[in-house]
Amino acid sequence: MRQRSGSAGPRPSNQRQRAQIPTTKQVAIVLSDSEEDSDVVEVVEQVFSSTFPLTGNSNKRARGAIESRVVDARPVRRQRQSKQEDDSEIEEVVVHSISQPVQTTSNTGVVVEQTCRNTKEEVTRPIEYPQHVEPLSIEPVELDTRLLEPETQLEKNACVVSATSPTPSNNPGNERPAALDTNPQTSERQMYLQIFDRIQQTVMHTESHLFSPYEQQTLVEFSNLDRHSRYLYTRIFMRKQAWLRTSSLNYGEQMVIDQSCKYLTTQPNTEPFLHSETNISSCEDALSLLLLPELKTLAKKKGIKQVSKPKEFLCAALLKTIKQRTVTSFFQKNKGDSVQQRQDEFIKSVLQVTGPVVRLNPLVSELFERLHLVFFRSATHLGDSNSIKSAVLSEIGQIRFPSYTVMRSPDLFASRDAVVQYKQLVEVGYEMEVLLTSLVKETEQHMKGWEMFVEHQSEWHMLLETLRRPKSPAQKVGGIEQMSRVYWRRHFTAGWALARIAERGARFAANTKQFARERDVLESLLSQDAFRLGKRGEWHERLILLHTTHLRPKGTSVEARAQTAEALERAKRACVRALDDVHVNRISLHAISRQLRTIETKLGVSPDERIEHPRMCVEWQMPLERVVFGMRVRNIRRGPSVWDGSDGIPCSVEQLALWRYRELGYTGIHSENTLATTLFVLLFWDIVFCPLPGVLDTEYQSQPLDMGSESFYFSRRAMIEQRLAEISDGHFVQSIGDVYEKQHGVECVGVSWDLPCDQLQTIASCLGGQRLSAICRVLATEYRLKRSGFPDLCLWNAQTKHILFAEVKGPNDKLSETQRDWLDILVTSKIDVEVCHVRDGDARDTENV
């Protein structure tokens, strides 16, 4: 029989184990007799001193299990003492909370149930519970116990009892022991551990092939840790990847945190989950741990006089002192004074100030990041993603996610290498996106971003070569319409991430004025039709602009004029190619059509010889315009302007225009895009959350994963078209009310529950079925583009059923292309809309009404 690692000999029998573990009654008595501030370790020692001594590894395991139970029982005792309850009630609650049955494996491999020594009679006989504690019957979770210690399995039964069960919202009867729920901090720990365990169990159940055997063993080792260590790691994992003082980890009692850190930094069979201060090798990492007052104190000791300088200056000065030898070091013949020795001494001096520190082990944290990537289908460790926090808030009832059928796709990722490569490229793309936020004049940042693209340029070209190879009809890459679901799955491939890197590389080339290289990158992006098809319109626009402006030669010589004409001809051909591209959206078609007409004018093409294309959209259908006047109370360079409202209270430019429309008999709200998206989602709720493979993969989603994708409409085309027909026939008012009442308060993208239901129904009735259907069609086909740009004000007259939308523009404000497109759509759909210009002046001035 295989012995467990770290064991000195064969596993002892079950009878012997049960006889060695101290009774829960002894634990409760010692705990109740101890002082309030007594150390947990001292209590544990008193427990063991009251029984016969233990030896060997079983002593350590039992000691750790009893220690965790003492920590859990202390808040229960405090609560009983605050209510002046007698010791018998304390004993009963503690016994109930720590004497749950445990599954363990005997020497013969048979799974048996056991309890702590001398507690079997206590558990089987009736217990008189206090009035506020209900007796619960909780069955232990069926877990693979071959690699679990008996005491660790006892921890699992107490903390992860609902790890494989539905969420509390779906299963109200699945409760936890009352003794554990009395402490809010303990309940919070259970939630975090439950989410982490659910992530691990869900992924390992269907997608374990994405992890190597060693990585799976590491995850098992993490599950075998006591709950305090696992909880501490989860909280550190959710923080930034930096060194942390153990004294600043406010996740429980400091003694328990210190002990958990020891467990997490010493793993005999796998990589340690945390790195300790012994892993600090650079002075920069050590300095990052110090606060400004501590830096100043250390700088004074090092002889730095300008201690009032900022933190960056002090760090640079301290690093400079490390590289310099002292005068006395020249006269010390027997002692070396190398730079490495000075760095070690400096790190020791910093650690004397900070105390013990820990940091996530990059190898293990990368494993958990990949695990969460597979579960959430997004890189939760990048940016401000709060997927885990949202899941915890959902578990405790702070937020509610929609009810839908979860349909995970176990074959979304082809292999472990595919996940690793995808994650690495996504991280590179995120770093490039952060660099793009730098100012254009910060050339170094943009050059760094361009170099990041150059590092992956060969991979991008290899991918393009693969796409260009002749393929059979079954292997041919199709568009969105023919292969909508297959196209959506490409979002999770390395090719999609490489396309994003190439797109950002083109932007870096533009910011560094490398226009020829930008043209080459754009041409490579347009040469493929497998990834990011929704961006093709923007690529075409930029490429045409390069030909007409940045790559056109300057000068008036004959040769320069000939080269200019040639560049314009290339731009003209680029316009025609863009108009032929079926993936170019309406907004880009308008811009490209205007570019084509401008190019033809510069080339001197006569009106009769100009290109006429069926997809050309030269002019927008603009609505009526209105001008109102108001008094600006404060002129701000940045941010929205402030105006004097009709009630004397300063207001925004939209609120001022709303006052003017109310004087004309309208009832109105300032809703912008919220109104359109709320009506759309309420009317298409069941279609939005239709259980399609690969879009509803977790129970913590406020939208399907493909909501903003180009494939959203084509994946649900039949259902969407049927719903649009029903809306056109007038079946929508009751649907809005039913969904609003049933789903009110649910966390859902695009929905604002601040809009009253009766108000939404009134607006929908004023619009009518045909016009409401036209708005919904736009959002269903181009949600990502059209979720912004809708007019600011919605105005209606309930008596006449007249409805009007208004886009408000203050002084010097201009309409964006998305706003122009929405105005064009509304005018084409015969919906009254106008542009309201607010001018600075006396309100008594003449206004065109």
Problem - Flag side-chain contact, heavy atom, 4.5 Å: Met707 against Arg787 - result: no

Problem - Intermediate values then yes/no, side chain to side chain contact (heavy atoms under 4.5 Å, CB included), Val688 and Tyr783 - result: CA-CA 12 Å; Val688 169; Tyr783 184 83; over 6 Å; no

Handout entry: Trp488 and Phe492 aromatic ring geometry - parallel, tilted or perpendicular at 30°/60° bounds
Key = perpendicular

Exercise for the section: Hey, can you tell me if Phe790 and Trp822 have their rings parallel, tilted or perpendicular (30° and 60° cut-offs)? Expected result: perpendicular

Fill in the blank from the handout: Heavy atoms of Ala676 and Ile775 approach each other most closely as CB-CG2, 4.4 Å

Exercise for the section: Can you establish whether the number of heavy atoms outside Arg532 located under 6.0 Å from its atom CZ is more than 12? Expected result: yes

Practice task
Answer yes or no: is there a donor N or O on one side and an acceptor on the other, between the side chain of Thr678 and the main chain of Gly750, under 3.5 Å?
Solution key: yes

Exercise for the section: Measure across Leu724 and Cys776 and return the closest heavy-atom pair with its distance rounded to 0.1 Å. Expected result: CD2-CB, 3.9 Å

Problem - Arg377 side chain vs Val374 backbone, donor-acceptor pair below 3.5 Å - result: yes

Handout entry: Whether over 12 other heavy atoms sit under 6.0 Å from Met462 CE
Key = no

Handout entry: Pairwise distance CH2(Trp450) to CD(Glu518) - rounded to 0.5 angstrom
Key = 9.0 Å

Problem - Main-chain N/O of Val778 paired with Thr781 side-chain donor or acceptor, under 3.5 Å - result: yes

Exercise for the section: State whether a side-chain donor-acceptor pair under 3.5 Å links Glu541 with Ser588. Expected result: yes

Practice task
Give, for atom OG of Ser208 and atom CD of Gln200, the distance between the pair rounded to the nearest 0.5 Å.
Solution key: 11.5 Å

Fill in the blank from the handout: In short, Leu219 meets Met204 closest at the heavy-atom pair CD1-CE, 3.9 Å

Practice task
Would you confirm whether Arg408, through its side chain, and Thr698, through its main-chain N or O, come within 3.5 Å as a donor-acceptor pair?
Solution key: no

Problem - Near-ring test Phe368/Phe222, centroid separation under 6.0 angstrom - result: yes

Problem - Side chain Asp697, main chain Phe376, donor-acceptor under 3.5 Å - result: no

Practice task
Quick one: do Leu264 and Leu225 satisfy side chain to side chain contact (heavy atoms under 4.5 Å, CB included)? Show the steps, please.
Solution key: CA-CA 9 Å; Leu264 292 170; Leu225 292 171; 3.5 Å; yes

Handout entry: Steps toward salt bridge (charged side-chain N to carboxylate O under 4.0 Å, His left out) verdict (Glu395, Arg198)
Key = CA-CA 12 Å; Glu395 292 291 337; Arg198 180 173 300 167; 2.8 Å; yes

Handout entry: Sub-6.0 Å ring centroid separation between Phe689 and Trp685
Key = yes

Handout entry: Whether Thr512 side chain and Ala509 backbone form a donor-acceptor pair below 3.5 Å
Key = yes

Handout entry: Min side-chain heavy-atom separation Arg370-Glu215 under 4.5 Å
Key = yes

Exercise for the section: Report yes if the side chains of Asp821 and Lys786 come closer than 4.5 Å at any heavy-atom pair, otherwise no. Expected result: yes

Problem - Separation between CD1 of Ile388 and OH of Tyr192, rounded to the nearest 0.5 Å - result: 9.0 Å

Practice task
For Glu221 and Gln217, test the side chains for any donor-to-acceptor distance below 3.5 angstrom and give the result as yes or no.
Solution key: yes

Exercise for the section: Could you label the plane-to-plane angle of the His372 and Phe196 rings as parallel, tilted or perpendicular, counting under 30° as parallel and over 60° as perpendicular? Expected result: perpendicular

Handout entry: Approximate separation, where rounding is to 0.5 Å, of Asp520 CG and Leu543 CG
Key = 10.0 Å

Fill in the blank from the handout: Taking every heavy atom of Trp496 against every heavy atom of Ala530, the minimum-distance pair comes out as CZ3-O, 4.4 Å

Practice task
Report yes if the side chains of Val364 and Phe237 come closer than 4.5 Å at any heavy-atom pair, otherwise no.
Solution key: no

Handout entry: Check against side chain to side chain contact (heavy atoms under 4.5 Å, CB included), Phe453 and Ile501
Key = CA-CA 6 Å; Phe453 164 71; Ile501 292 175; 4.1 Å; yes

Exercise for the section: Decide yes or no for Pro704 and Leu692: does some side-chain heavy atom of the first lie under 4.5 Å from some side-chain heavy atom of the second? Expected result: no

Practice task
Give a yes or no on whether the backbone of Val746 and the side-chain of Trp753 come within a donor-acceptor separation of less than 3.5 Å.
Solution key: yes

Practice task
Search all heavy atoms of Leu412 against all heavy atoms of Arg489 and return the closest pair with its distance.
Solution key: CA-NH2, 3.6 Å

Exercise for the section: Answer yes or no: is there a donor N or O on one side and an acceptor on the other, between the side chain of Asn361 and the main chain of Pro272, under 3.5 Å? Expected result: yes

Completion exercise
Output for pair (Lys535 NZ, His583 NE2), nearest 0.5 Å, gives 15.5 Å

Practice task
Show your reasoning for whether side chain to side chain contact (heavy atoms under 4.5 Å, CB included) applies to Ile720 and Arg723.
Solution key: CA-CA 5 Å; Ile720 291 175; Arg723 184 60 49 83; 5.8 Å; no

Handout entry: Heavy-atom check, side chain of Arg777 versus side chain of Glu721, under 4.5 Å
Key = yes

Handout entry: Arg500 vs Glu433, salt bridge (charged side-chain N to carboxylate O under 4.0 Å, His left out): CA-CA, chis, key distance, verdict
Key = CA-CA 10 Å; Arg500 294 185 65 182; Glu433 187 67 26; 5.4 Å; no

Handout entry: Donor-acceptor contact below 3.5 Å, side chain Gln398 vs main chain Ser394
Key = no

Handout entry: Distance, nearest 0.5 Å, that separates CG of Leu525 from NE2 of His540
Key = 10.5 Å

Exercise for the section: Using distance alone, with no hydrogens and no angle criterion, decide if Thr818 and Ser816 have a side-chain donor and acceptor under 3.5 Å apart. Expected result: no

Exercise for the section: Would you indicate whether His461, at its atom NE2, is surrounded by more than 12 heavy atoms from other residues, nucleotides or ligands within a distance under 6.0 Å? Expected result: yes

Handout entry: salt bridge (charged side-chain N to carboxylate O under 4.0 Å, His left out) evaluation trace for Arg230 with Asp197
Key = CA-CA 10 Å; Arg230 292 191 297 132; Asp197 290 336; 3.1 Å; yes

Problem - Ala379 backbone acceptor or donor facing Glu369 side chain under 3.5 Å - result: no

Practice task
Compare all side-chain heavy atoms of Leu436 with those of Phe508 and state whether any distance is below 4.5 angstrom.
Solution key: yes

Practice task
Search all heavy atoms of Ile736 against all heavy atoms of Leu683 and return the closest pair with its distance.
Solution key: CG1-CD2, 3.6 Å

Handout entry: Any Gln743 side-chain heavy atom under 4.5 Å of Ser403 side chain
Key = no

Exercise for the section: Evaluate the criterion salt bridge (charged side-chain N to carboxylate O under 4.0 Å, His left out) for residue pair Arg468 and Glu465; output intermediate values, then yes/no. Expected result: CA-CA 5 Å; Arg468 294 191 189 105; Glu465 289 295 329; 3.1 Å; yes

Exercise for the section: Return the orientation label for the His491 and Tyr487 ring planes: parallel under 30°, perpendicular over 60°, tilted otherwise. Expected result: perpendicular

